[in-house]
Amino acid sequence: DAKTTQPTSMDCAEGRAANLPCNHSTISGNEYVYWYRQIHSQGPQYIIHGLKNNETNEMASLIITEDRKSSTLILPHATLRDTAVYYCIVRMYSSASKIIFGSGTRLSIRP
Amino acid sequence: DTAVSQTPKYLVTQMGNDKSIKCEQNLGHDTMYWYKQDSKKFLKIMFSYNNKELIINETVPNRFSPKSPDKAHLNLHINSLELGDSAVYFCASSPAGTSGYNEQFFGPGTRLTVL
């Protein structure tokens, strides 16, 4: 079973910041938070990951609470192409560690 | 283009047939995976290979047999196809897990329909 809880769906106006929350209250000390997204009919796409510090890359920012029990993915200027299902995943830093996808958050960007 | 590629993109077949899906990655990664996404859109890992060795096998029926001829290829062979095998199958690859972050790159998927 997935170790994360996300809202089923969200929407955001184009050009605004999309903030996607994720709860992972049972995360262990050696587990990272990863975010992927799946645009309709395509393979999942890696977005960002972090351990305990906030992270930023060209796609998004990841804010992890100090107790690491929750995190927020921020898409700073959402576009219509960001419409997708976003998956928050916790897993260890190893290729032998499985990615267990939950049901994710379906993000709709409205014009 | 550097990528994970899968063939075929669509596969329609009759119950009881045997079929294969091919996956190739030219990213130089050591680890490859097969995932199944069912009609409810749940994405589940099936297998993982690291340098041609099986490291994850998620209680998949033994009708499913992955084959890794080299570390750039991981093919999925399915015997005696059943209706419940209808799904989208995704291949993925990632760098070696102990030396860096473990981003997985996914292929475009193969939509298998069993009639």
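The figures here come from the full heavy-atom set of this structure, side chains too, leaving out hydrogens, waters and symmetry mates.
No more than 12 heavy-atom neighbours from other residues, nucleotides or ligands sit within 6.0 angstrom of NZ on B:Lys22. By the 6.0 Å contact criterion, CZ on B:Arg63 is enclosed, its count of non-hydrogen atoms from other residues, nucleotides or ligands being greater than 12.
Interface check for chain A: of the options B:Gln6, B:Gln37, B:Lys41, the most heavy-atom pairs under 4.5 Å are formed by B:Gln37.
Taking OH from A:Tyr87 and CG from B:Leu43, the interatomic distance works out to 6.0 Å, rounded to the nearest 0.5 Å. Taken from CD in A:Gln45 to CZ in B:Phe105, the straight-line distance is 9.5 Å, to the nearest 0.5 Å. Between A:Ser41 atom OG and B:Arg111 atom CZ the span is 6.0 Å, to the nearest 0.5 Å. Taken from CZ in B:Phe90 to CD in A:Gln38, the straight-line distance is 5.0 Å, to the nearest 0.5 Å.
Under the 4.5 Å side-chain contact rule for hydrophobic residues, B:Tyr35 and A:Ile89 share a cluster. Put simply, B:Phe106 and B:Ile45 are part of the same group of oily side chains (I, L, V, M, F, W, Y) that touch within less than 4.5 Å, one to the next. In this structure, B:Met15 is a member of the same hydrophobic cluster as B:Leu112, with clusters built from ILVMFWY side-chain heavy atoms closer than 4.5 Å.
Applying side-chain contact (heavy atoms from CB on, under 4.5 Å) to B:Gln104 and the options A:Tyr46, A:Tyr36, A:Tyr34 leaves one that passes, A:Tyr36.
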